[in-house]
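Everything below concerns the one structure shown next.
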Amino acid sequence: MGSWQRLLLLGGMSLRGGGGACAALRGSGVLVFRRQSILAHKFLLEQCVSRTVINSKQQLSGAENETLKQRRTQIMSRGLPKQKPIEGVKQVIVVASGKGGVGKSTTAVNLALALAANDSSKAIGLLDVDVYGPSIPKMMNLKGNPELSQSNLMRPLLNYGIACMSMGFLVEETAPVVWRGLMVMSAVEKLLRQVDWGQLDYLVVDMPPGTGDVQLSVSQNIPISGAVIVSTPQDIALMDAHKGAEMFRKVHVPVLGLVQNMSVFQCPKCKHKTHIFGADGARRLARTLDLDVLGDIPLHLDIREASDTGQPIVFSQPGSDEAKAYLRIAAEVVRRLPPPLQ
C-alpha cells in the first residue's frame with residue numbers, strides 16, 4: 001500500500017473512529033474526508049519540494065557554494081557597526097582571556113612596558129576596558145581624575161612612560177560599578193572615543209574576561225591588529241581560552257598567539273620545579289587551534305608583589321628572568337603584527 005493510500009485510509013479511520021459523532025455528521029463527513037485528502041496531498045508535495053531542494057544543494061558546484069557563502073556573510077554583516085580607527089593610534093593589541101584570575105591584567109601591564117623597553121622610540125598606551133574590575137590604576141600606581149583637553153577629551157594619566165586610561169580613574173577605588181549592559185556599553189564607547197591619546201604606536205587593551213558584550217563592542221568598533229590570549233595550563237582555564245580565541249576568529253580579529261601564565265613554580269630554596277596548574281596545557285591548546293605559544297611566565301612571588309605595589313616587574317626588576325620572559329613575549333607580538341595602517 002502506497003503513502004497516498006495509507007493517508008486516505010488513516011483519514012477514513014479517523015472519521016469512523018468518531019463513533020456517534022461520525023454518524024451525526026453524515027453528509028458533512030465527505031467534506032471532512034476530502035479536506036484530509038487535500039492536506040495529505042499538500043504534505044506529499046512539500047516533501048517532494050524539500051527533497052528537490054536538498055538534492056539541488058548537494059549538486060551545487062564549488063563556485064556556487066562560494067557565492068552562497070559570500071551572500072550569507074553580506075547578510076550577517078548588515079547592521080554591524082563600521083570600524084573606525086582611534087585617532088592617533090597606529091595599532092591596537094588586545095589582551096584577553098576566557099576566564100578571570102589567570103593573570104591577564106598583569107600580562108597586559110608588563111606587555112605594554114616590555115614594548116616600550118624593547119624599542120624606546122615607540123609610544124605606548126594602555127587602555128583598561130574591564131569596567132567592573134579595573135586593575136590598571138593599582139598596577140600602574142596611578143590615582144586621580146583625567147584632565148580634559150580643549151576639545152573636551154580626557155587626557156590619559158602617565159606613569160613609567162605609559163599613557164593609561166581606565167574606568168578606575170572615573171569612580172572611587174572601593175565603589176562597585178553596578179550597571180546594566182547599556183550603561184557599560186556607553187562607558188566603553190567613551191573610553192574608546194573620548195580620550196586624547198596623542199600619537200601612539202601601540203595601544204594595549206586590557207579586556208574583561210569572557211566573550212560578552214564588551215569584547216564584541218571593542219572588536220566591532222575599532223580595527224584590532226591582533227589579540228593575545230592569556231591562560232594558565234589548567235584544563236578549566238584552557239576551555240574558556242579556547243572559546244576566547246574562537247570568538248576573535250568569528251569577528252575577524254587575528255589571534256597572535258597564547259601566553260602560558262603561571263606555567264611552573266620553582267621553590268626559592270631547593271629550586272625544585274612544580275607544575276601546580278599542569279604542564280604544557282597551553283601548548284596543547286595552541287596545537288589544536290593552529291596557533292603559537294608566545295611565551296611562558298612562571299608563577300613567581302616577585303611578579304605578584306611587584307604588581308600589588310604598583311611597580312610592575314618589567315620596570316622594577318628589568319634584569320630578572322621573569323622580566324625577560326615578558327620582553328621576549330613583546331618581541332614575538334611585534335614580529336607577528338601586520339604592517340600598521342597608514
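Treat the numbers as computed from the prediction; the structure is a model and nothing was measured. Along the sequence shown, residues are numbered consecutively beginning with 1.
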Checklist entry - Can Asp119 and Leu115 be said to form a side-chain contact (heavy atoms from CB on, under 4.5 Å), step by step? => result CA-CA 6 Å; Asp119 189 344; Leu115 289 168; over 6 Å; no
Next on the checklist: Apply side-chain contact (heavy atoms from CB on, under 4.5 Å) to residues Arg335 and Glu332 and explain how you reach the verdict.
Outcome noted: CA-CA 5 Å; Arg335 191 167 68 85; Glu332 290 297 320; 2.9 Å; yes
Checklist entry - So Arg249 and Leu289, side-chain contact (heavy atoms from CB on, under 4.5 Å) or not? Walk me through it. => result CA-CA 11 Å; Arg249 284 177 167 174; Leu289 296 171; 4.0 Å; yes
Checklist entry - Where do Tyr202 and Val333 land on the side-chain contact (heavy atoms from CB on, under 4.5 Å) test, with the steps shown first? => result CA-CA 11 Å; Tyr202 304 119; Val333 167; over 6 Å; no
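Note on Met247 and Ile236: separate hydrophobic clusters, where clusters join Ile, Leu, Val, Met, Phe, Trp and Tyr whose side-chain heavy atoms are under 4.5 Å apart, directly or indirectly. Leu299 and Val230 fall into different hydrophobic clusters, where Ile, Leu, Val, Met, Phe, Trp and Tyr are joined by side-chain heavy atoms under 4.5 Å apart, directly or via other members. By the rule that hydrophobic residues join a cluster once side-chain heavy atoms approach within less than 4.5 Å of another member, Ile229 and Met239 end up as members of separate clusters. Val264 is not connected to Val293 by any chain of hydrophobic side-chain contacts under 4.5 Å among Ile, Leu, Val, Met, Phe, Trp and Tyr, and they are in different clusters. Hydrophobic clustering places Leu148 together with Leu170 (ILVMFWY residues linked when any side-chain heavy atoms are closer than 4.5 Å, directly or through intermediates).
No donor-acceptor pair under 3.5 Å is formed between the side chain of Gln234 and the backbone N or O of Gly278. For Ser217 (side chain) and Met185 (main-chain N/O), no donor-acceptor pair under 3.5 Å exists by modelled atom type. For the pair Glu322 (side chain) and Leu301 (backbone), a donor-acceptor distance under 3.5 Å is absent. Side-chain atoms of Asp196 never come within 3.5 Å of backbone atoms of Leu153 as a donor-acceptor pair (strictly under, hydrogens ignored). With hydrogens and angles disregarded, a donor-acceptor distance shorter than 3.5 Å links the side chain of Asn110 to the backbone of Val314. Proximity of a side-chain donor or acceptor of Gln83 to a complementary backbone N or O of Ser219 within less than 3.5 Å is detected. Looking at Gln260, its side chain never comes within 3.5 Å of a backbone N or O of Pro233 through a donor-acceptor pair. Using modelled atom types, no side-chain atom of Tyr326 and backbone atom of Val109 make a donor-acceptor pair closer than 3.5 Å. Not a single donor-acceptor pair under 3.5 Å links the side chain of Asp296 to the backbone N or O of Val259. A donor-acceptor pair is defined here as one N or O able to donate and one able to accept, closer than 3.5 Å; such a pair exists between the side chain of Asp201 and the backbone of Ala123.
Taking CZ from Arg283 and OG from Ser263, the interatomic distance works out to 8.0 Å, rounded to the nearest 0.5 Å. Annotation: the span from Trp197 atom CH2 to Ile124 atom CD1 amounts to 11.5 Å, rounded to 0.5 Å. Between the CZ atom of Phe315 and the CG atom of Leu113 there is a distance of 8.5 Å, given to the nearest 0.5 Å. Of the inter-residue distances, the one linking Leu337 atom CG with Lys90 atom NZ reads 13.0 Å to the nearest 0.5 angstrom. Between the OG atom of Ser231 and the NZ atom of Lys99 there is a distance of 9.5 Å, given to the nearest 0.5 Å. Of the inter-residue distances, the one linking Met154 atom CE with Glu147 atom CD reads 13.0 Å to the nearest 0.5 angstrom.
A heavy-atom distance below 4.5 Å is found between the side chains of Leu285 and His242. Between Ile329 and Thr107 there is no side-chain heavy-atom pair separated by less than 4.5 Å. Between Asn221 and Arg193, the closest side-chain pair of non-hydrogen atoms falls below 4.5 Å. Asn261 places none of its side-chain heavy atoms less than 4.5 Å from the side chain of Val102. Taking the side chain as every heavy atom from C-beta outward, Leu294 and Arg336 approach each other to under 4.5 Å. Side-chain contact between Lys143 and Pro137 is absent, with no heavy atoms from C-beta onward closer than 4.5 Å. Under the 4.5 Å side-chain criterion, counting only non-hydrogen atoms from C-beta, Thr274 is not in contact with Cys267. Taking the side chain as every heavy atom from C-beta outward, Asp130 and Lys104 approach each other to under 4.5 Å.
By the 4.0 Å N-to-carboxylate-O rule, Glu246 lies too far from Lys243 to be salt-bridged with it. A salt bridge links Arg304 and Asp308; the closest N-O separation between the charged side-chain nitrogens and carboxylate oxygens is under 4.0 Å.
Taking each heavy atom of Ala330 and Asn118 in turn, the nearest pair found is CB-ND2, 3.5 Å. In this structure, Ile297 and Ile303 approach most closely via the heavy-atom pair CG2-CD1, 3.7 Å. Smallest separation of non-hydrogen atoms from Val92 and Ile224: O-CG2, 3.7 Å. Between Ala117 and Leu327, the shortest heavy-atom distance links the atoms CB-CD2, 3.8 Å. Contact detail for Leu191 and Ser166: the closest heavy-atom pair is CD2-C, 4.4 Å. Closest of all the heavy-atom pairs between Pro312 and Tyr160 is CD-CE1, 3.6 Å.
A 6.0 Å sphere centred on CD of Gln266 holds more than 12 heavy atoms belonging to other residues, nucleotides or ligands. Within a 6.0 Å sphere centred on CG of Leu182, other residues, nucleotides and ligands contribute 12 heavy atoms or fewer.
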